2 protein chains.
Amino acid sequence: MQDKRIALEAGLIRVGDLARATGKSVRAIHLYEELGLLQPTTRSAGGFRLYERRAIERVRWIDLLHGLGFSLQEMREVLLRWWNAELGTEAMADLRRLFARKLDETRAAITRHQQLERELIEGLDYLAACRDCDQTSGTATCVHCTRDHGVALEPALVSGIKQAGLVTHPSRAPFVRVEDLTH
Amino acid sequence: MQDKRIALEAGLIRVGDLARATGKSVRAIHLYEELGLLQPTTRSAGGFRLYERRAIERVRWIDLLHGLGFSLQEMREVLLRWWNAELGTEAMADLRRLFARKLDETRAAITRHQQLERELIEGLDYLAACRDCDQTSGTATCVHCTRDHGVALEPALVSGIKQAGLVTHPSRAPFVRVEDLTH
DNA sequence: TCCTACCCTCACGTACGCGTCAGGTTACAC
DNA sequence: GTGTAACCTGACGCGTACGTGAGGGTAGGA
């Protein structure tokens with residue numbers, strides 16, 4: 001019944017505190033524990049999880065790796081490899097390789113997003129010309145728009161939209177014979 | 001039995017061709033159809049889906065939006081809104097808003113990845129000092145390493161690892177009383 | 001002592017984007 | 001006619017990272 005006092009003396013926090021400190025949900029922290037990523041330093045007499053403040057760093061680490069595209073399982077493997085390494089120097093070399101690979105991937109991701117950025121800008125440039133368009137009907141006529149949009153080619157972001165093949169009610173496809181179509 | 005000839009004359013391709021042309025799986029294309037994102041122009045007498053070559057653009061569009069973080073459902077909503085718009089000009093304005101928002105998000109994503117890039121570089125810088133470390137035991141001693149790593153603070157990517165709380169066999173947590181700890 | 005917020009352990013549910021059979025049909029070349 | 005690759009429609013499975021109860025105990029202050 002003196003748990004909090006004892007816990008406070010020892011600098012321990014409960015799962016809710018950890019959650020608030022990291023922006024995660026309590027459930028998420030439970031999950032990390034189930035997957036072997038994080039463990040409470042101890043438990044209260046009644047079974048409450050009690051963590052040291054350093055646990056916050058671990059959760060932030062999880063968050064970082066998550067941002068780098070690691071799955072929780074992969075993080076677990078990283079931890080296992082590190083702690084089970086024969087030599088510290090090898091464990092560190094292992095980490096360096098890992099980080100180097102992720103650095104490549106991250107840079108590739110940046111490049112990809114920059115390409116998307118360009119696509120968006122192109123799309124916006126193209127659409128800018130639509131602002132002073134005097135057309136007063138639906139979008140069906142936009143499909144065959146011949147206005148000059150100041151862009152050499154219609155951007156993919158726009159041209160992909162201008163096609164039939166939109167099903168109002170998903171799921172079942174219609175069934176038309178070829179013969180009925182080819183004149 | 002003259003389907004292919006007819007299809008070829010009409011410039012139609014089958015689902016496998018579309019898949020190869022876009023790098024998607026046939027199943028994926030079926031899914032897009034189920035979700036109302038794409039429809040074959042027609043069907044062969046035997047029920048084979050037949051697409052115009054323009055369908056390739058639509059699939060590429062799907063891929064683009066996917067890269068921008070849209071879910072297939074959201075893409076469907078975009079298409080529905082566009083095709084159901086009263087005025088073409090309004091539909092275009094709608095698109096502009098959408099693209100502008102995504103442009104912000106994409107730039108935010110780039111910034112985030114650049115921060116991660118910096119974290120990785122810091123981590124690698126820190127670990128570089130470990131290459132000529134003469135330590136010959138396991139990683140447990142690394143936890144208290146006092147070497148100069150040329151970095152002011154231990155990077156989060158590294159410090160998050162150096163903590164207990166690793167469960168060799170996941171799932172069940174141990175059960176220790178507080179009293180047993182705080183002597 | 002009692003109230004209330006917080007915590008506990010199951011355990012099932014969810015959204016996404018397909019993968020993967022199964023059981024059968026079609027297209028087309030030889 | 002026949003072989004075979006490609007296609008068809010269900011329909012269930014999967015991995016990820018949690019959300020969401022249910023049913024019940026705990027902590028700590030008034």
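Proteins get letters first, then strands, A, B, ... in listed order; numbering begins at 1 in each. This structure is a prediction, so every number in the text was calculated from the model and none was measured.
- The side chain of A:Arg43 places an N or O atom within less than 4.0 Å of a non-bridging phosphate oxygen (OP1 or OP2) of C:dT9.
- DNA chain C is contacted by both B:Lys24 and A:Arg20; A:Arg20 maps to the nucleotide lying nearer its 5′ end (nearest heavy atom per residue).
- If you measure from atom CZ of B:Arg76 to atom C1' of C:dA15, you get 17 Å, rounded to the nearest angstrom.
- Among residues two or more places apart in sequence or in another chain, the ring pair (Phe, Tyr, Trp, His ring centres under 6.0 Å) test is passed with A:His30 by none.
- Which of C:dC8, C:dA27, C:dC16 sits closest to the side chain of B:Phe48 comes down to C:dA27.
- Looking at the side chain of A:Ser44, the nearest of the listed nucleotides D:dT9, C:dC7, D:dA27 is D:dA27.
- Remark: C1' of D:dC18 and NE2 of A:His30 are 13 Å apart, rounded to the nearest angstrom.
- Rounded to whole Å, atom P of D:dG10 lies 15 Å from atom CG of B:Leu31.
- An OP1 or OP2 oxygen of C:dC7 is reached within less than 4.0 angstrom by no side-chain nitrogen or oxygen of A:Arg49.
- With sequence neighbours excluded, the residues forming a side chain to side chain contact (heavy atoms under 4.5 Å, CB included) with B:Glu90 are B:Leu87, listed by chain and number.
- Along DNA chain C, the nucleotide nearest to A:Tyr51 and the one nearest to A:Arg27 differ in position, and the one closer to the 5' end is contacted by A:Tyr51.
- Between the CD atom of A:Glu74 and the P atom of D:dG15 there is a distance of 14 Å, given to the nearest Å.
- When the C1' atom of D:dC18 is taken as reference, atom CD1 of A:Ile29 falls 12 Å away, rounded to whole Å.
- Classification of A:Glu105 and A:Lys102 as a salt-bridged pair holds, one side-chain N sitting under 4.0 Å from a carboxylate O.
- Distances were taken from every side-chain heavy atom of B:Tyr32 (C-beta onward) to each of C:dC6, C:dA11, C:dC18; the shortest belongs to C:dC18.
- Put simply, CZ on A:Phe70 is 16 Å from C1' on D:dT16, counting in whole angstrom units.
- Taking atom CG on A:Leu72 and atom P on D:dA17, their separation rounds to 4 Å, with Å as the unit.
- Checking A:Thr106 against B:Glu117 by side-chain atom types alone, no donor-acceptor pair falls below 3.5 Å.
- The CG atom of A:Leu38 sits 11.5 Å away from the CG atom of A:Leu72 when rounded to the nearest 0.5 Å.
- For the OP1/OP2 pair of D:dG19 and a distance below 4.0 Å, the side-chain nitrogens and oxygens of A:Ser25 include at least one atom meeting the criterion.
- Here the C1' atom of nucleotide D:dG25 and the CZ atom of A:Arg14 are 13 Å apart, to the nearest Å.
- Relative to the side chain of A:Ala45, the nucleotides D:dA27, C:dC8, C:dT26 differ in distance, and D:dA27 lies closest.
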